[in-house]
Amino acid sequence: MFTEPLDALLIFTVTTPVIGWVAYKKGYRKIQGIYAALGLSVTAYFLYELYKEVAEKGVVLIVGQLPFNPPLGACLEIDMLSVFMAFLYTITGLFAAVYSIKYMEHDTGLTEYYTLLLGMIAGMMGVAFAGDFFTLFIFWEFMCLTSYALVAFRKQRWEPIEAGFKYIIMSAAGSATILLAMSFLYGMTGTVNFVGLAASLNNTAPDGWLYVTLTLIIVGFGIKAAIVPFHTWLPDAHSAAPSPISAVLSGVMVQTGAYAFIRILILVFGSMQPMWQMTLAVFAVFTMFGGNIMALLQNDLKRLLAFSTIAQMGYIIFGLSMASLSGLTGSLFHIMNHAIMKGLLFLCAGSFVHQAKTRDLRKLRGIRKTMPMTSMFFAIGALAIAAIPPLNGFWSEWMIVTAGIKAEMIPFSALMLANMVFSVVYYLRVIRIILLEKPTAASQKAREAPASMLIPTLILATLCIIIGFYPGPFITMASRAAEAALNL
Amino acid sequence: MIPLVYYLAGAIALYVIGMYCLASKRNMIRLVIGVEILMNAAHLTFIAFSAYRTVGYIDPLGHAIVIMSIVFAGCVTAVALTIVTYAYRHYGTLDVRKLRRLRW
C-alpha cells in the first residue's frame, strides 16, 4: 500500500504488542527488542530493493486505489532523496533497537516502548516518502505523537514529564502552524500535491499571502528543526529521553525538519528563493552560535550533546540555504555524518549513564580507567563531530564552508569556521575529562558496558573512521540525493 | 453569501488567541486548550477555502484533510492530558510556573 519498506515497518509496529503479550505470558523479557530489531532489518532489506528500483526509474510514484489522480488524491513520491533519508532513519533506528535490549532491561512497559520506537521510524519514513503536503502532515503528526510518548517514557521521574510537557506544547503549536500554512497554500492553488503546487506557484509573482505562508512554514518546521529562537524544547527533551531514543531524536528526527525545508522551499517557493535563502542563512548563524555557546556552559553530558545538535543543525541549514548543488550535497552528507556521530555519542553517553548512574561530567571524570572501550568510541565520535581532519565530520563541514564561499556567502562561511573552532573547544574539554583526569568514586564503581551495548557503538565508530578515509562513495550518494532534490 | 475574507479574519483571530493563550496562561490544561484553538484555526481556513473553491460545490479535499487532522488533534490532546496528569501527581499543582527545574 505504502511501498514495501513502509508497509513492513507498519506491520511490525502493529504486531509488536502481540509479541509482547506472548513474551509476558511466557516470561521472556527480551523478545520484543529482538522482534523490533528484526523488523528494522527487514525494512532495511526492502529499502535496498526500493533503492534499486529508484536508481533505475528516477522517481517511483505510488497512487492510492481510490479513483483520484495525484492532483486530488494522496500519493507517495519516492526519489533518491527520500531513499537516502529513509536509509538513515532505518539504520539509526536499528542501532537504537539493538542497544535498547540491554539498556532498557530494568524498565517496565517494554512492549509499548518498542511499538512506539517502530512507529516513530515509520512516521519519519513516511515524511520522507510523501508526495503531497497532506501525506507529509499525517506522517509528521504520527512521528510527533510517538516521540511525545517516548520522551515522557520514564514517567516515574520528574524530568521526562517536565521535558515532555514543554516538548508537546511547542511541537503541537508548530504542527498547527504548518497546518495553517498548508491551508493557505490550498486556498491559493486548490491542491496540496507538491508537483501541482510547484506548477501553479512558480510562475506567478509572489503576493502578500505567499509571504505569510512562507513565514508560517519557516516557523512551523523550524520548531522541529530547532532553529534558535524555537529551540528551547530540544535540550530538555533530548536529555530527558532514554538514551537510545535520544540517539534517534537527535541523530535523525531533527533532520526531518531539514528534509521538509529542502522539499518544500526548493519545490514550492522557487519564485521567492532569494528571500528565504537570506532568512535561512541568518537563522542558521544564530543557531550555530546559540548551540555552541550554550554547549560550552554545560556540565550535563547529554545536555551538552543536545546543544551540540542545535549547532550542527545550524551548519545543515546554512548548507541548504544556498540551494546550490554543492551546498545541498554538503548538507545531506552532513545529515548522514551527523546521524552516525550523534548516534554514536548518545549511545556512548547512554552506556556511561547506565554503568555509572550519572550524567554529570564532574562525576564522570577519568571513566576511561573502568570503561576503556566505550570511552575510546566516545572520543572517536567527539573528534569526528569537532571536525578533526581524517574523520567524517570534517569532510562534510568543509564541503559546506567551501560551498558557501562559492555561493558568495563569504561572511557566513567565516562565521561557520569560527563555530567549528568553538565546537573543538568544548569537545576537547569533554575528552579531557573522560580520558585524562583522575577517576572519581562514581567512575571507579562503573564496569565496562555489556557486549550488546558495545557492538552498535563499535559499528558506528568504525563507520566514522571509514567515511573519514574513503568519503568518495558516500559523497556520491549525497550528491545524487541533492540532484534529485533540485531537479524534480 | 458572506465574503471569504470574514472567515479568514476569524481564523487568523483564532490563531492569535491560541498563541496568546500559549504565551500568557499558567494553567497546564489551558495550554492544552490553546493548542486545540490553534489547530481549529487551521481547520476553519480549510473548510472556508473548500466551500469557496467553486460556486455551488464543496471541494472534498479540504474536508478529508480536516477530518484526518481532527483525529490527530484529538490524539495530541490525549497524550498531553496524560502528561498533565503525571505532572499533577509529581508536583501537586497545575501551575506551569512550578515546572521550572529545567533551566539552561
Side-chain angles (χ1 to χ4, degrees), chain A residues 68 71-74 133-134 137-138 140-142 144-146 148-149 151-152 155-184 186-188 190-192 209 212 216 232 235-237 239-240 294 297-298 300 303 307, chain B residues 4 8 11-12 14-15 18-19 22-23 28 31-32 34-50 52-54 59-62 64-66 68-69 71-73 75-91 96 98-104:
Chain A
F68 287 125
L72 265 184
F133 215 143
F134 176 51
F137 182 76
I138 293 296
W140 182 273
E141 283 285 273
F142 187 44
C144 289
L145 266 175
T146 45
Y148 302 147
V151 166
K155 54 191 184 299
Q156 63 278 19
R157 297 214 304 258
W158 62 270
E159 193 190 355
I161 292 295
E162 198 168 311
F165 188 71
K166 208 170 178 180
Y167 176 37
I168 197 168
I169 292 295
M170 288 198 71
S171 179
S175 297
T177 311
I178 295 167
L179 194 66
L180 190 67
M182 187 164 114
S183 75
F184 286 154
Y186 167 71
M188 277 183 272
T191 177
V192 286
W209 284 107
V212 174
L216 290 175
T232 45
D236 299 339
S239 53
M294 289 310 300
L297 308 172
Q298 300 305 317
D300 180 332
R303 270 182 102 70
F307 274 112
Chain B
L4 177 61
L8 288 187
I12 289 170
L14 266 184
Y15 186 81
M19 275 295 169
L22 287 189
M28 291 167 98
L31 292 179
V32 178
V35 168
E36 274 298 291
I37 294 176
L38 283 180
M39 286 302 248
N40 284 334
H43 295 165
L44 186 62
T45 39
F46 262 115
I47 298 291
F49 278 130
S50 72
Y52 280 82
R53 198 83 231 131
T54 346
D59 187 8
L61 179 60
I65 290 172
V66 169
M68 288 299 281
S69 174
V71 174
F72 274 104
C75 295
V76 169
T77 313
V79 176
L81 287 178
T82 316
I83 294 179
V84 171
T85 315
Y86 279 109
Y88 184 75
R89 283 188 200 159
H90 276 279
Y91 292 88
V96 82
K98 302 283 184 238
L99 272 70
R100 281 288 167 89
R101 278 197 261 180
L102 281 175
R103 286 310 244 179
W104 302 108

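These figures come from a predicted structure and were not determined experimentally. Throughout, a chain's letter reflects where its sequence line sits, starting with A, and its residues are numbered from 1.
No part of B:Ala78 comes within reach of chain A, as not one of its non-hydrogen atoms sits under 4.5 angstrom from that chain. With a threshold of 4.5 angstrom between heavy atoms, B:Val96 approaches chain A through side-chain atoms but not through N, CA, C or O. Of the two parts of A:Phe137, only the side chain, counted from C-beta on, holds a non-hydrogen atom closer than 4.5 Å to a non-hydrogen atom of chain B. For A:Met170, no part sits under 4.5 Å from any heavy atom of chain B, backbone or side chain. For chain B, the nearby part of A:Phe134 is the side chain; its heavy atoms alone come within less than 4.5 Å. If you measure heavy-atom distances from B:Ile12 to chain A, the contacts under 4.5 Å come from the side chain alone. For B:Leu38, the parts sitting under 4.5 Å from any heavy atom of chain A are the backbone and the side chain alike. Neither the backbone nor the side chain of A:Trp140 comes within less than 4.5 Å of any heavy atom of chain B. With a threshold of 4.5 angstrom between heavy atoms, B:Leu4 does not approach chain A through any atom at all. In this structure, chain A has a heavy atom under 4.5 Å from the side chain of B:Met19, while its backbone stays farther away. Neither the backbone nor the side chain of B:Thr82 comes within contact range of chain A; no heavy atom of the residue lies under 4.5 Å from a heavy atom of that chain. Residue contact with chain A, scored on non-hydrogen atoms closer than 4.5 Å, involves the side chain of B:Tyr15 exclusively. Of the atoms belonging to A:Thr232, not a single heavy atom falls under 4.5 Å from chain B. For chain B, the nearby parts of A:Ala173 are the backbone and the side chain; heavy atoms of each come within less than 4.5 Å.
Residues A:Leu179 and B:Ser69 share a closest heavy-atom pair of CD2-OG, 3.2 Å. Taking both residues in full, the closest heavy atoms of B:Ile83 and A:Ile161 are given as CG2-O, 3.7 Å, listed atom of the first, atom of the second, then distance. When all heavy atoms of A:Ser183 and B:Ala42 are compared, the closest pair comes out as CB-O, 4.1 Å. Between A:Gly190 and B:Asp59, the closest heavy-atom pair is O-OD2, 4.3 Å. Taking both residues in full, the closest heavy atoms of B:His90 and A:Trp158 are given as CE1-N, 3.7 Å, listed atom of the first, atom of the second, then distance. Of all non-hydrogen atoms in B:Thr45 and A:Leu180, the two that sit nearest each other are OG1-CD1, 3.8 Å.
The aromatic rings of A:Tyr186 and B:Phe46 are tilted relative to each other, their planes meeting at an angle between 30° and 60°.
With sequence neighbours left out, the side-chain hydrogen bond (donor to acceptor under 3.5 Å, both in side chains) criterion links A:Tyr167 to A:Ser147, A:Lys224.
For the atom pair CZ (B:Arg89) and CD (A:Gln156), the distance works out to 12.0 Å, reported to the nearest 0.5 Å.
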Practice item. Step by step, work out the side chain to side chain contact (heavy atoms under 4.5 Å, CB included) result for A:Phe165 and B:Tyr86. Key: CA-CA 10 Å; A:Phe165 188 71; B:Tyr86 279 109; over 6 Å; no
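Side-chain contact, A:Glu162 with B:Tyr91: a donor N or O sits under 3.5 Å from an acceptor N or O.
Contacts with chain A were tallied for B:Ser50, B:Ala41, B:Gly18, B:Ala87; B:Ser50 has the most, counting heavy-atom pairs under 4.5 Å. Comparing B:Gly62, B:Ala64, B:Gly34, B:Ala11 by how many heavy-atom pairs each has under 4.5 Å with chain A, the most go to B:Gly62.
Between A:Ile169 and B:Met28 the shortest side-chain heavy-atom distance does not fall below 4.5 Å.
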